[in-house]
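First up is the structure itself, then whatever we jot down about it.
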There are 2 protein chains.
Amino acid sequence: MPRRWMAGPPWLYERLHGCGYRYTLPREAVLQVLTQTPEHLSAEDIYFLVHARYPQIGLTTVYRTLDLLVRMGIVVKFDFGDGRARFELAAHSGGKSHHHHLICTLCGRVIDYSDFLEKEKELLQTTQKGLSEKYNFEITDHLIQFYGKCQQCKNAEKQAERR
Amino acid sequence: MPRRWMAGPPWLYERLHGCGYRYTLPREAVLQVLTQTPEHLSAEDIYFLVHARYPQIGLTTVYRTLDLLVRMGIVVKFDFGDGRARFELAAHSGGKSHHHHLICTLCGRVIDYSDFLEKEKELLQTTQKGLSEKYNFEITDHLIQFYGKCQQCKNAEKQAERR
DNA sequence: TCCTTATTGAAAATAGTTTCCATTTTCATT
DNA sequence: AATGAAAATGGAAACTATTTTCAATAAGGA
């Protein structure tokens, strides 16, 4: 039976119970933050946002909850190379639809894009098939990221040159 | 003038001096390890191998040296998601030719493969062009990795099921 | 050889994340 | 609604990879 404080996605209760997990406030609060904030939040970001509304929820629990949600496939964990993990809601759980990331190596900015995914799908299919045959390796996931210089950093560089 | 102890790649001296850096024993030792060991070594792995021959070289220096070599483009730094960086010699510096990585999410094993790179090249070109036009983002690098279950882990799973 | 400056090594600091453990909470069963 | 077993929590401490600090050392141009 749903709780009075249940304000997150209505499927969470069922989903947790289906896997033998309990429905708790921290779990709802974390998921709510991820649902309402479409950015690439770090565990600490999420902790602050959760903590603002529920000060009793600790950082440890946020980490544990994120880990659980990732294991359940509800949340996706990314590594943009700055030493801390980022989390976003999986597409099929109400998150942004399938997209990739452009990462600026100068300022760390992350740009989502969802163009050119057709080519990628092709690549994945070919590769997946070939590799599973050749190495008997079962691909379950992939990571495609592009690194470079964003518009803002390029402009800043030009400015610096003029002086 | 080359040192008596120079045993690493002969171009290292020139390369370092060309960038205003000094030619030192730790730098040579680290590069020598990377040249002789085609695996995906962590900083600590490299430290142990270097330390075996030159016990006076410290871990800090290994980190610093790797950082320098990465910045110079001689070494490539990877992140396979296990919390520590891995290093390999860049293809144009005598390392393995261009390849990608299959990462087993169960045992952490990393398999190099260099098939299916044509499709990837196509993808990169299309994407690079499109993104630089649309977002004014200058792509300088990319990361493509596949995750899944390796043959050994699949077999182990089957074994476990039989019991 | 001398001298400036880059480089080094050891120890301490840092940062993100995980573990420990006593307490609290969930929820199936009374 | 009360009970109790097991799961979940929070805070502190631990842990791990990496970085910084700083005094001592070494490189290499003069």
Side-chain angles (χ1 to χ4, degrees), chain A residues 1-6 8 12-31 40-48 50-51 53-72 75 77-87 108, chain B residues 1-6 12-31 40-48 50-51 54-72 75 77-87 108:
Chain A
M1 202 190 300
R3 295 297 178 283
R4 218 187 3 286
W5 43 267
M6 191 181 204
L12 182 59
Y13 181 87
E14 311 297 338
R15 203 87 156 58
L16 285 168
H17 273 239
C19 297
Y21 299 119
R22 293 178 181 177
Y23 186 78
T24 67
L25 180 58
R27 286 172 184 176
E28 177 184 322
V30 166
L31 195 56
H40 315 97
L41 301 172
S42 68
E44 206 182 16
D45 292 336
I46 294 166
Y47 166 69
F48 282 133
V50 163
H51 199 258
R53 195 198 283 245
Y54 306 104
Q56 75 276 25
I57 295 177
L59 179 57
T60 305
T61 300
V62 170
Y63 270 107
R64 268 189 300 231
T65 301
L66 287 169
D67 183 57
L68 180 73
L69 295 174
V70 168
R71 275 187 286 117
M72 290 176 72
V75 167
K77 185 176 182 176
F78 283 98
D79 180 353
F80 296 151
D82 63 348
R84 48 182 152 171
R86 308 306 187 96
F87 301 86
Chain B
M1 203 190 300
R3 293 298 179 282
R4 220 191 358 288
W5 42 266
M6 191 181 203
L12 181 59
Y13 181 88
E14 311 296 339
R15 203 85 157 59
L16 286 168
H17 273 239
C19 298
Y21 300 118
R22 292 179 182 176
Y23 185 80
T24 67
L25 179 58
R27 288 171 183 176
E28 177 182 322
V30 167
L31 195 56
H40 316 96
L41 301 172
S42 68
E44 206 182 17
D45 293 336
I46 294 166
Y47 166 69
F48 281 133
V50 162
H51 198 258
Y54 306 104
Q56 75 276 23
I57 295 176
L59 179 57
T60 306
T61 300
V62 170
Y63 271 108
R64 269 190 297 233
T65 300
L66 287 169
D67 183 57
L68 180 72
L69 295 174
V70 167
R71 276 188 284 118
M72 290 176 72
V75 167
K77 185 177 182 175
F78 283 97
D79 180 353
F80 295 151
D82 64 347
R84 49 182 152 169
R86 308 307 186 95
F87 301 86

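Residue numbers start from 1 in every chain, and the chains themselves are labelled A, B, ... in the order their sequence lines are given, proteins ahead of strands.
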For [X] and [N], give me the distance from atom [atom1] to atom [atom2], rounded to whole Å.
{"X": "B:R84", "N": "C:dA15", "atom1": "CZ", "atom2": "C1'", "answer": "18 Å"}
{"X": "A:D79", "N": "C:dG16", "atom1": "CG", "atom2": "P", "answer": "13 Å"}
{"X": "B:Y23", "N": "D:dT25", "atom1": "OH", "atom2": "P", "answer": "23 Å"}
{"X": "B:L66", "N": "D:dT19", "atom1": "CG", "atom2": "C1'", "answer": "14 Å"}
{"X": "B:L16", "N": "D:dA27", "atom1": "CG", "atom2": "P", "answer": "13 Å"}
{"X": "A:R86", "N": "C:dG16", "atom1": "CZ", "atom2": "P", "answer": "10 Å"}
{"X": "B:L41", "N": "D:dT18", "atom1": "CG", "atom2": "P", "answer": "13 Å"}

message = So, does A:Y63 get its side chain near the phosphate of C:dT17, meaning an N or O under 4.0 Å from OP1 or OP2?
response =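 So the side-chain polar atoms of A:Y63 do come within 4.0 Å of the phosphate oxygens OP1 or OP2 of C:dT17, strictly under.
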
note = d(B:T61 OG1, B:Q56 CD) to nearest 0.5 Å is 10.0 Å

query = Which value, rounded to the nearest 0.5 Å, describes the distance between A:L69 atom CG and A:L12 atom CG?
reply =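 Rounded to the nearest 0.5 Å, the CG-CG separation comes to 7.0 Å.
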
Parallel, tilted or perpendicular, as decided by the 30° and 60° cut-offs, for the rings of A:H51 and A:Y47 =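 A:Y47 and A:H51: tilted rings.
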
request  = Identify, between B:A85 and B:H17, the residue whose nearest nucleotide on DNA chain D lies closer to the 5' end.
outcome  = B:A85

Single hit among A:E28, A:E14, A:H17 for side chain to side chain donor-acceptor pair (under 3.5 Å) with A:Y23 =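 The option that passes is A:E28.
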
request  = Report which part of the nucleic acid B:H51 touches: base, sugar-phosphate, or nothing (heavy-atom distance under 4.0 Å, all strands).
outcome  = nothing

query = Just by modelled atom types, is the B:R22 backbone N or O under 3.5 Å from a matching donor or acceptor in the B:R27 side chain?
reply =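 Yes; at least one donor-acceptor contact below 3.5 Å.
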
Whether B:D67 side chain and B:R64 backbone form a donor-acceptor pair below 3.5 Å =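 Side chain of B:D67 to backbone of B:R64: no pair is present.
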
ask   = Using a cut-off of 4.0 Å between protein heavy atoms and nucleotide atoms, how would you tag nucleotides 5-11 of chain D 5' to 3' with B, S and -?
value = -BBSBBB

